Amino acid sequence: MAVTSVSPDMFEEIVMAEERFHGEGYQEGYAEGSHVGVVEGRRYGSLYGAKVGSEIGCYLGFALTWQCLLQKCTDEKNSKKIRALDSLIRMIQKFPYEDPTYDKLQEDLGKIRGKFKQVCSMLNVQSDFRISTESSSLTF
Amino acid sequence: MGRGQDWGRGCAVRRAVPAGPLWSCRAVLGEGHQRTVRRVAWSPCGNYLASASFDATTCIWKKQEDGFECITTLEGHENEVKSVAWAPSGTLLATCSRDKSVWVWEVDEEEEYECVSVLNSHTQDVKHVVWHPNQELLASASYDDTVKLYREEEDDWVCCATLEGHQSTVWSVAFDCSGERLASCSDDRTVRVWQRYRPGNQHGVACSGAEPTWKCVCNLSGYHTRTIYDVAWCHLTGALATACGDDAIRVFEEGTGGTEQEPSFSLAAHHLCVWRALVTLHCSASVLSTSVEAEPSLRKRPRVSFSRHMSLMARAVFPVSFLE
């Protein structure tokens with residue numbers, strides 16, 4: 001039987017209508033969803049970035065202040081504290097702020113947080129900066 | 001000889017001294033903690049006791065003539081401290097917590113404790129920490145299904161190995177006497193034995209750089225019907241004992257059929273005793289001329305440990321021990 005490619009099957013459109021609408025609907029939905037996702041992701045990213053930035057900034061300010069305070073102390077006991085503070089400052093300064101795709105981002109953040117906790121322990125400071133049980137604590 | 005015991009809900013550390021066949025309570029240390037005392041550990045020298053508590057602190061008690069005195073409280077963990085362990089050198093202490101971190105502390109001659117590292121390698125609750133028998137190497141077991149190993153590198157502690165393979169929470173780990181093998185027990189009802197391979201080993205096991213690799217050489221599955229909460233490796237006989245939620249203690253011995261790379265462990269004694277609430281059961285089984293004594297547990301989860309020869313210090317023996 002010869003195939004006539006000129007006139008399309010008039011039943012094709014009717015029979016396949018539902019499937020076609022599904023497909024078109026899916027494509028439209030996918031496109032819209034991607035767009036909304038990008039907008040939401042950007043908003044979330046900037047919020048999270050600000051949170052991480054303020055956390056690390058807090059640790060850096062804290063460490064630099066203590067480094068300044070302990071500058072004059074040269075005894076053995078304080079030398080360990082100074083070494084730990086130097087290590088924390090070095091870790092923070094080495095942290096790649098410009099690159100959110102850095103593969104060791106969470107791992108390095110964990111190391112910085114751990115070093116901060118260790119320094120607080122050595123300096124006898126509460127890591128959440130809570131002065132008394134009633135006052136609020138600093139969290140990120 | 002001293003012995004520590006965990007009384008669960010009661011916040012007390014009791015020390016008992018054998019007087020003939022009977023034990024008597026010498027001290028009740030009830031003022032140290034505000035919540036459950038989860039673990040106690042004697043220092044290698046025997047003069048100090050560390051107690052880890054759900055109140056997020058670890059107390060260090062010093063033995064005096066008339067009792068014990070709390071000389072330091074180690075703070076820093078954000079929530080429940082699950083385990084504490086002394087390194088064989090006696091100068092290092094490790095604690096781990098539900099806050100997912102492992103802390104390493106150092107003590108000097110003036111009994112001053114200082115935190116030398118906070119390790120955030122695990123992604124979930126850390127259940128147990130254990131030191132290597134003769135090196136400054138630390139192992140931790142976690143709810144994240146892994147065992148991690150840590151060592152000191154240039155003034156700081158780093159995670160040098162992650163042992164993956166368990167399908168669920170790893171509850172406990174134990175080194176063998178040589179320290180070349182590690183046993184881990186899990187909620188997945190298996191015990192895994194891991195072997196250390198150094199770089200350049202003759203078995204062709206690849207290592208990254210200068211770091212040794214730990215490879216799982218044996219997986220004991222099908223023996224336990226519930227979660228395995230504790231494992232102990234006898235340093236004298238090489239036998240492995242497990243504490244399981246199915247109310248049984250099992251002892252495994254390494255058979256002669258296997259090789260170092262593929263050891264075969266077989267069950268030497270099983271169903272040694274059945275736990276029934278508040279009833280004392282005694283049973284004995286001859287396992288390489290040792291006997292087993294069972295005591296009722298106030299908690300649902302049994303623990304096992306091995307005690308050394310009588311002339312050496314006894315480890316914490318809650319609540320099952322092998323008497324040589």
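As the structure is a prediction and not an experimental result, all values here were calculated from the model. Letters A, B, ... mirror the listed sequences (proteins, then strands); counts begin at 1.
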Exercise for the section: Would you sort out whether His128(B) and Arg39(B) count as a side chain to side chain donor-acceptor pair (under 3.5 Å), showing the intermediate values? Expected result: CA-CA 10 Å; His128(B) 196 49; Arg39(B) 188 173 296 267; 3.2 Å; yes
Fill in the blank from the handout: When Ile89(A), Leu88(A), Ile112(A) are each screened for side-chain contact (heavy atoms from CB on, under 4.5 Å) with Leu60(A), the one that passes is Ile89(A)
Problem - His77(B) NE2 to Ser101(B) OG distance, which is reported to the nearest 0.5 Å - result: 4.5 Å
Problem - Segment of Arg113(A) engaging chain B (4.5 angstrom heavy-atom cut-off) - result: both
Exercise for the section: Answer with side chain, backbone, both or neither: which region of Ser121(A) has an atom nearer than 4.5 Å to a non-hydrogen atom of chain B? Expected result: side chain
For each of [options], tally heavy-atom pairs with chain A at distances under 4.5 Å, and name the one with the top tally.
| options | answer |
| --- | --- |
| Leu119(B), Leu74(B), Val116(B) | Val116(B) |
| Ser121(B), Ser117(B), Gly76(B) | Ser117(B) |
| Val118(B), Asp155(B), Val158(B), Asn120(B) | Val118(B) |

Side chain, backbone, both or neither: which part of [X] has a non-hydrogen atom closer than 4.5 Å to chain A?
| X | answer |
| --- | --- |
| Asp108(B) | neither |
| Trp157(B) | neither |
| Glu106(B) | side chain |

Problem - Heavy atoms of other groups near Tyr143(B) OH, more than 12 under 6.0 Å - result: no
Practice task
Verify, without hydrogens or angle tests, whether Ser97(B) (side chain) and Asp99(B) (backbone) share a donor-acceptor contact under 3.5 angstrom.
Solution key: yes
Practice task
Taking atom types as modelled, find out whether Asp187(B) and Ser168(B) have a side-chain donor-acceptor pair closer than 3.5 angstrom.
Solution key: yes
